[in-house]
Amino acid sequence: MRIVFLGAPGSGKGTQAQRLMAERGIVQLSTGDLLREAVAAGTGLGRRARAAMDAGELVSDDIVLGMIRERLAKPDTAAGFVLDGFPRNLAQARALESLLAELGKPLDAAVLIAVDFDILLKRLTGRRTCSLTGKLLNIHFSSQAELDACLAAGGQLIQRVDDNEETIGNRLKVYRAQTEPVIDHYRASGLLREVDGYGAVDEVYRRVTQALTAGG
Ligand code: AMP
């Protein structure tokens, strides 16, 4: 199964992609995670990406496409993959299409997790990552047991540097201007499956799997 997850920052696409990866044994490829790893490791790529990330702007297409091309060539993607946070604009969507055609691995679906803009802010400001497991959590929405489990195991709840109100505002603007056209692109090619992103993680996950089944 080869899927793209679309949705605004905070829509829950990363959480749903992690879940799909855990249950279906397919790899989750998050360009945001790959870029944050490069920044943390202080690689040349990380240094080139950092300013755009801190400002909530998109990193240049050539950096991101190079990363995706390299990652999709690895053998663990043979059973399928979930792309999370990519493509982010029409040029990336077109480049992905050519790359997957070259590899003989076309997409099965593009899943849009739809959530209104007014609730994204609360999700984004409450978002934390467990430093031990990488699991995405939320101080407003995760259960106390889940949050405590991370801390009890010796982990910390880390907040992303770009999850502050100013940068979030810019990321949502960039999403509207550059990423929303990608939705129409997949609608036109018949791959789009739209899922209501409200409610608990389990509930949304059920809708995601139903949408994937319904789409064949
Ligand atoms: P994310 O974790 O998906 O919210 O991404 C965090 C940041 O990484 C974004 O605000 C961008 O600066 C950068 N980024 C992630 N994915 C892409 C992409 N496909 N194209 C350009 N920049 C990206």
Side-chain angles (χ1 to χ4, degrees), residues 2-21 27-72 81-100 107 110-113 115 117 119-131 134-138 158-183 185-186 197:
R2 295 179 290 270
I3 307 164
V4 161
F5 262 111
L6 300 170
S11 60
K13 59 187 187 315
T15 302
Q16 296 298 328
Q18 281 188 351
R19 180 80 179 262
L20 206 58
M21 167 178 80
V27 274
Q28 174 207 10
L29 276 177
S30 154
T31 42
D33 284 350
L34 292 172
L35 288 165
R36 276 184 290 280
E37 279 164 25
V39 169
T43 64
L45 188 150
R47 280 196 296 277
R48 283 195 288 149
R50 184 168 191 164
M53 293 177 76
D54 285 349
E57 301 289 340
L58 293 187
V59 171
S60 74
D61 288 347
D62 59 329
I63 291 186
V64 175
L65 286 167
M67 238 168 47
I68 282 284
R69 181 177 288 275
E70 199 177 298
R71 191 59 191 83
L72 286 178
F81 51 79
V82 184
L83 294 175
D84 158 20
F86 175 91
R88 242 3 192 254
N89 60 28
L90 277 177
Q92 291 181 8
R94 293 191 184 114
L96 175 66
E97 230 157 69
S98 335
L99 174 61
L100 294 179
L107 287 178
V111 179
L112 170 65
I113 315 238
V115 177
F117 271 58
I119 80 149
L120 295 174
L121 193 67
K122 190 164 184 199
R123 288 199 180 173
L124 287 165
T125 51
R127 175 158 74 179
R128 302 288 185 276
T129 306
C130 178
S131 61
K135 190 175 165 64
L136 288 169
L137 298 165
N138 193 296
I158 307 286
Q159 183 170 32
R160 280 172 44 172
V161 285
D162 59 350
D163 276 345
N164 64 73
E165 290 204 20
E166 193 190 335
T167 310
I168 287 170
N170 204 30
R171 285 158 64 206
L172 294 176
K173 250 196 269 171
V174 167
Y175 177 77
R176 277 199 165 125
Q178 303 197 45
T179 311
E180 280 189 348
V182 176
I183 298 170
H185 172 84
Y186 287 119

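Remember, it's 1-based here, ligands and their atoms both numbered in the order they're listed.
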Show me, pair by pair, the donor-acceptor contacts under 3.5 angstrom made by side chains of residues 81-92, not counting sequence neighbours?
residue: Asp84; atom: OD2; partner: Gln28; partner atom: NE2; Å: 2.9
residue: Arg88; atom: NH1; partner: Gly85; partner atom: O; Å: 2.8
residue: Asn89; atom: OD1; partner: Ala91; partner atom: N; Å: 3.3
residue: Asn89; atom: OD1; partner: Gln92; partner atom: N; Å: 2.8
residue: Asn89; atom: ND2; partner: Asp61; partner atom: OD1; Å: 3.0
residue: Gln92; atom: OE1; partner: Arg88; partner atom: N; Å: 2.8
residue: Gln92; atom: NE2; partner: Asp61; partner atom: OD1; Å: 3.0

| So how far is it from Leu65 CG to Leu99 CG, rounded to the nearest 0.5 Å? |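 Spacing of CG (Leu65) from CG (Leu99) equals 8.5 Å.
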
Can you list every pair where an N/O of ligand 1 is under 3.5 Å from an N/O on the protein?
residue: ligand 1; atom: 2 (O); partner: Arg36; partner atom: NH1; Å: 2.9
residue: ligand 1; atom: 2 (O); partner: Arg36; partner atom: NH2; Å: 3.0
residue: ligand 1; atom: 2 (O); partner: Arg160; partner atom: NH1; Å: 3.1
residue: ligand 1; atom: 2 (O); partner: Arg160; partner atom: NH2; Å: 3.3
residue: ligand 1; atom: 3 (O); partner: Arg88; partner atom: NH1; Å: 3.0
residue: ligand 1; atom: 3 (O); partner: Arg88; partner atom: NH2; Å: 3.2
residue: ligand 1; atom: 4 (O); partner: Arg88; partner atom: NH2; Å: 3.4
residue: ligand 1; atom: 4 (O); partner: Arg160; partner atom: NH2; Å: 3.1
residue: ligand 1; atom: 5 (O); partner: Arg88; partner atom: NH2; Å: 3.3
residue: ligand 1; atom: 12 (O); partner: Glu57; partner atom: O; Å: 2.6
residue: ligand 1; atom: 16 (N); partner: Thr31; partner atom: OG1; Å: 2.8
residue: ligand 1; atom: 16 (N); partner: Gly85; partner atom: O; Å: 3.4
residue: ligand 1; atom: 16 (N); partner: Arg88; partner atom: NH1; Å: 3.3
residue: ligand 1; atom: 19 (N); partner: Gly85; partner atom: O; Å: 3.0
residue: ligand 1; atom: 19 (N); partner: Gln92; partner atom: OE1; Å: 3.0
residue: ligand 1; atom: 20 (N); partner: Gln92; partner atom: NE2; Å: 2.9
residue: ligand 1; atom: 22 (N); partner: Val59; partner atom: N; Å: 3.0

| message | Looking at every non-hydrogen atom in both residues, tell me the closest pair between Val4 and Leu107 and how far apart they are. | response |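 Scanning both residues, the minimum pair turns out to be CG2-CD1, 3.5 Å.
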
| query | What side-chain hydrogen bond (donor to acceptor under 3.5 Å, both in side chains) pairs are there with at least one residue in residues 122-131, not counting sequence neighbours? | reply |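 For residues 122-131, and leaving out neighbouring residues, the side-chain hydrogen bond (donor to acceptor under 3.5 Å, both in side chains) pairs sorted by first residue read Arg127-Asp163.
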
Would you be so kind as to tabulate the donor-acceptor pairs closer than 3.5 Å made by side chains of residues 39-55, with sequence neighbours excluded?
residue: Thr43; atom: OG1; partner: Ala38; partner atom: O; Å: 3.4
residue: Thr43; atom: OG1; partner: Gly46; partner atom: N; Å: 3.0
residue: Arg47; atom: NH1; partner: Gly42; partner atom: O; Å: 2.7

| Under the 3.5 angstrom rule, does the side chain of Arg71 hit a backbone N or O of Leu34 as a donor-acceptor pair? |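 Flag not set: sc Arg71 to bb Leu34 has no pair under 3.5 Å.
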
